[in-house]
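Being a predicted model, the structure only gives us computed values, none of them experimental. Computed from heavy atoms alone, side chains included, the values below leave out hydrogens, waters and symmetry copies. Residue numbers start from 1 in every chain, and the chains themselves are labelled A, B, ... in the order their sequence lines are given, proteins ahead of strands.
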Number of protein chains: 4
Amino acid sequence: MRTTKTGKPVGRTRSAEKHEAILTAALELLAAQGYVRMTLDQVATAADVSKSTIHLRWKTKADLLTAALATMRMADVPPPSGDIRTDLLSILKDFAANMERVNGIALIGTCLAEEAHTPELITLLRERTIGPRRALLRQVLEESRGRGEIREDADLETAVSALHGSYFSDYMAGRGGRPEWAEQVVDFTLAALRTSD
Amino acid sequence: MRTTKTGKPVGRTRSAEKHEAILTAALELLAAQGYVRMTLDQVATAADVSKSTIHLRWKTKADLLTAALATMRMADVPPPSGDIRTDLLSILKDFAANMERVNGIALIGTCLAEEAHTPELITLLRERTIGPRRALLRQVLEESRGRGEIREDADLETAVSALHGSYFSDYMAGRGGRPEWAEQVVDFTLAALRTSD
Amino acid sequence: MRTTKTGKPVGRTRSAEKHEAILTAALELLAAQGYVRMTLDQVATAADVSKSTIHLRWKTKADLLTAALATMRMADVPPPSGDIRTDLLSILKDFAANMERVNGIALIGTCLAEEAHTPELITLLRERTIGPRRALLRQVLEESRGRGEIREDADLETAVSALHGSYFSDYMAGRGGRPEWAEQVVDFTLAALRTSD
Amino acid sequence: MRTTKTGKPVGRTRSAEKHEAILTAALELLAAQGYVRMTLDQVATAADVSKSTIHLRWKTKADLLTAALATMRMADVPPPSGDIRTDLLSILKDFAANMERVNGIALIGTCLAEEAHTPELITLLRERTIGPRRALLRQVLEESRGRGEIREDADLETAVSALHGSYFSDYMAGRGGRPEWAEQVVDFTLAALRTSD
DNA sequence: CATGAATGAGTCTTCATTCAT
DNA sequence: AATGAATGAAGACTCATTCAT
C-alpha cells in the first residue's frame, strides 16, 4: 500500500470491521456448511458486504477460507495449578468447550475431507489448534514426570493421543458430549502413567 | 442374487452388475472427492453407466451415497487368540489397514462435514464401521477381564475410546501412518488396565 | 456415440434443429456484437434453447464460435460466362451482397481484433470465405490469360488483391456500399492487365 | 504544453504527464486486446495511475478510448519527390510500417467490430488515419496527372482504393507482411493509369 | 488532484435432475 | 431397462463505475 510522506495511507482506508466480519462469517459458514457448500454469497450476506469486497481482499475462495482458518486460535487455558489431574482436566474441558463453540467437529471434518483438494486447510488446523492443544497436554505430563509422579519410561506422546483422540472416537461412536468424558479419560490415562508403588 | 422358483437367476443379471459397479464407484469417489465435489457424472463414467441409470435406482445423489456407504463393512479380523495383546493388536492393525485402503480419513471427514445436511452419512458410518470396530475391541477386553487379567472396575469403554481415538489424534497431528502406533497404544492401554499385583 | 446393433443411436437423439438454430444465432450475434460482447445467454435466447444445451455440444464459448464460423460458406456464384468482365463483376457483386447479408465487415473486424486471443477465428474466415473468394477471382483471370486477353507477365495475385481489397478500403474510407464500386474496380483492373496492342 | 503568460509551465505538469501516459497506454492496450477485453485496470497499471484518476478525466471507458484514438496521427511522410512511383512507394511503405508498429490491423478490427456499439471509433480512425493516408495517395496521383503522366479520365479514387485496400486483402489472405507488396501494387496501379502512347 | 475502497451487474461454466427415444 | 438430450438453478469471479479519504 502506498503511503504519503507522513506515513498516512493514501486514499480511502480499508474497513477493519468489514475485514473481521468477513472472516468471522467465513469461519462460521465453513463449519456449518463445509468448504464446497459454503458460498461467497452467503459470506457476503452474513458479513453485510458485497461479494466484490471479499474478492478485493482475497483473490479466491480458497484464499479466504485459509485466512479465516488462520484466525483460529486456542482460547486461553487457566494457568497450570501443579496438580496433574486438575491441569489435564482443565485443558480437556476447555478443548471440549471450544469444539462445541465453533462446531469444531464439522470444521475438522471439512478440512479432512478437503485434504486432497485444499491441503492448506488441515495444515492450518494442525498448526493453530491441534498442535498447540497437544503441546499443552504434553507439557503438563512432562512437568509431572519431572516431579516424579509419572514413570520415567512412560510414553507421553501416546498418552496425549489417548487423551485427545478419545474425544473423536466418542463423537463418532455417538457418545460425544458426555460431561464425564474428561474425568474418565484423565483417570484412565493416569492409571497407565503413574509410578507403580 | 434373486432367483426364480427353478433356481435360475432372474433376467436382470446385467443390471445387478451395474448396480454394484455404481455403488463401488460412488464410494471410492466419495472418499476421494467428498460429498459435494463428487459428481454423478464421475460416478457414471467410473461405473461405465449412464447418469440416468443411476437415477433409475436412486432418486437423488444423497440416496445413492447413503446406499454406497451402507455397503461398507468391516473386513474380517482373524479369530481371537485368547491373548489380549495379540488380539487388540490384530484388531487395530486391521483397522489401520482398512482406513488406508478406502481412504477412510477423507470418508469420515466428509461424513462429519455433511452431518448438518445429510445426517444419514455419519449414522451409517457409525453403524457399519465405527460401532462394530469398537465392539470388537470391547469384546476382547471383556473376555480378558473375565479371565481376571484386567481390573474388575476398569473403564473398558474409555479404554476402547483411547485405543480407537488415538488413531485420529495422531493423524490430525501429522503423525499418522506410524507402524509403531498400534503397539504403543495397546501397551499404554494395558498398563492402565492390568490388575496391579 | 454408442449405437445399437442395428446402427440406430441409443437414447434420445440430438435435435438437429436446435443445433442449427444455435449456430445461426451464434454467427449472427458474433457479427452484431463481437466476440467478447456476445454472450451465451443471448445465443441461448435467440436459439430458444437453454444455455446448458449449448454447453452440451460445445465445451466453451470459443468452441461454439469456431464452429459457427466454420459453417460460413460462400454463396454460389453463377457459372463463368467466359467473358472476363462479366465474370469478375458477378463475383464481386456476390461478394458485396454476402458481406452485407451477414454483416461481414463486423465479422471480419471481430476476427481481426481477436487474432491475439482466438487465432482460430481469422484462420477459419480465411479458409472458408476469403481464400475461396480470391480463388474464384484468380481462376477467372487465369482463364482469361489462357485466352490471350491478358498480358502473359501480368501479376494476377496483385490484381486479385486490388479487386478484393478495394472493398475494404472503400468501407473504411466511408465510401462503402456504392453500387458503382464493382464496375469501377473491374475496369480499373482490366486496364492494368489487358494486352496493350 | 500550456504555459502561463510568463512562459512558465502551468502548475499541473505532473497531471499532464499522467494524461499522456494514460492515453498512450489505452491506445496500446486497445490494439492488443480489443475494446471489450481491455480493462481500465490494465490501463491504470500500465500508466502507473489509479483507476479513479482515469475516471477523473474521462467519464466512461468509451470516452477514454475515443480520446486515445483521437491522438493517433499519421507519421510524417517524406516530401514528394515528384516521381510518382517513388512517392507512392514511400507512402505505402510508411503505411505498412505504421500498421505494424501500432498493431494497426487489430486496432482497425476492433473499430470495425465495435461499429454498432461505439461508432465513434471507426469515425475517428477514418478521420485521423485512413482519410489522410488516402488523401496523400490521391494528391500524388493528381499531381502526376497534372504533369500528363496519367490518363485524363483515370479513376483516381479507385486507384487509391486499390493501392490502399490490397494491403488488407493480403493480410486477410494470409499473405501480409510481404516486402514486395508495395512495389507490386504500385506497378500494377501505374499499369492501369499510365497514358498509353 | 489523486488514491484506494466498495459495489452491482453480468458472464461463463457446472451439475443434479427430468425428458424423450 | 437403459441411454443420451435438455434444462434450471446456482456459483466463482470480473469489471466499469461510484464513494470516501
Exercise. Look only at the side chain of A:Ser15 and the backbone of A:Lys18, and say whether a donor-acceptor pair between them is shorter than 3.5 Å.
Key: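 Indeed, once roles are kept as given, a pair shorter than 3.5 Å links the two residues.
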Exercise. Under 3.5 Å for both distances, Watson-Crick or G-U wobble, that's the pair rule; now give the dot-bracket for DNA chain F, with | marking pairs to another strand and [ ] for crossing ones.
Key: .||||||||||||||||||||
Would you tell me if any nitrogen or oxygen in the side chain of [X] comes within less than 4.0 Å of OP1 or OP2 on [N]?
X       : N      : result
A:Arg57 : E:dA5  : no
B:Thr53 : F:dT3  : yes
A:Arg12 : F:dC19 : no

Exercise. Could you pick out which residue, A:Thr13 or C:Thr13, lies toward the 5' side of DNA chain F when each is mapped onto its nearest nucleotide?
Key: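 Between the two, 5'-proximity favours C:Thr13.
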Practice problem: Let me see the working for B:Arg128 and B:Leu69 under side chain to side chain contact (heavy atoms under 4.5 Å, CB included), right down to the final yes or no. | Solution: CA-CA 8 Å; B:Arg128 306 284 167 143; B:Leu69 262 183; over 6 Å; no
Starting at [atom1] of [X] and ending at [atom2] of [N], how long is that distance when rounded to a whole Å?
X       : N      : atom1 : atom2 : value
D:Ile22 : F:dA16 : CD1   : C1'   : 15 Å
A:Asp48 : E:dA6  : CG    : C1'   : 12 Å
D:Asp63 : F:dT17 : CG    : C1'   : 13 Å
B:Glu17 : F:dA1  : CD    : P     : 17 Å
A:Lys18 : F:dA20 : NZ    : P     : 11 Å
C:Leu64 : E:dT13 : CG    : P     : 10 Å
A:Ile54 : E:dT7  : CD1   : P     : 10 Å
A:Leu56 : E:dT3  : CG    : C1'   : 13 Å

Exercise. Heavy atoms under 4.0 Å is the rule here; annotate nucleotides 9-14 of chain F 5' to 3' with B where the base is hit, S where only the sugar-phosphate is, and - elsewhere.
Key: -BSSBB
Self-check item: Chi angles and distances behind the side chain to side chain contact (heavy atoms under 4.5 Å, CB included) call for C:Leu125, C:Ile108
Solution: CA-CA 8 Å; C:Leu125 215 56; C:Ile108 289 177; 3.6 Å; yes
Practice problem: Taking the side chain as every heavy atom from C-beta outward, state whether C:His55 and C:Leu40 have any atom pair closer than 4.5 Å. | Solution: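 Sidechains of C:Leu40 and C:His55: in contact.
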Quiz prompt | Neighbour count above 12 (heavy atom, 6.0 Å) for A:Asp63 CG | solution =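 Enclosed: over 12 neighbouring heavy atoms sit under 6.0 Å from CG of A:Asp63.
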Quiz prompt | side chain to side chain contact (heavy atoms under 4.5 Å, CB included) assessment of D:Thr118 paired with D:Leu65 | solution = CA-CA 10 Å; D:Thr118 324; D:Leu65 292 188; over 6 Å; no
Quiz item: Does any donor atom in the side chain of C:Arg14 or C:His19 lie under 3.5 Å from an acceptor atom in the other side chain?
Solution: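 Note: C:Arg14 and C:His19 side chains miss the donor-acceptor criterion.
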Quiz item: Could you go step by step and tell me if B:Thr66 and B:Leu124 meet the side chain to side chain contact (heavy atoms under 4.5 Å, CB included) rule?
Solution: CA-CA 8 Å; B:Thr66 307; B:Leu124 271 168; 3.2 Å; yes
Quiz item: Taking only residues two or more places apart in sequence or in another chain, which ones pass side chain to side chain contact (heavy atoms under 4.5 Å, CB included) with B:Val36?
Solution: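 In terms of side chain to side chain contact (heavy atoms under 4.5 Å, CB included), with neighbours along the sequence ignored, B:Val36 is linked to A:Val36, A:Arg37, B:Glu114.
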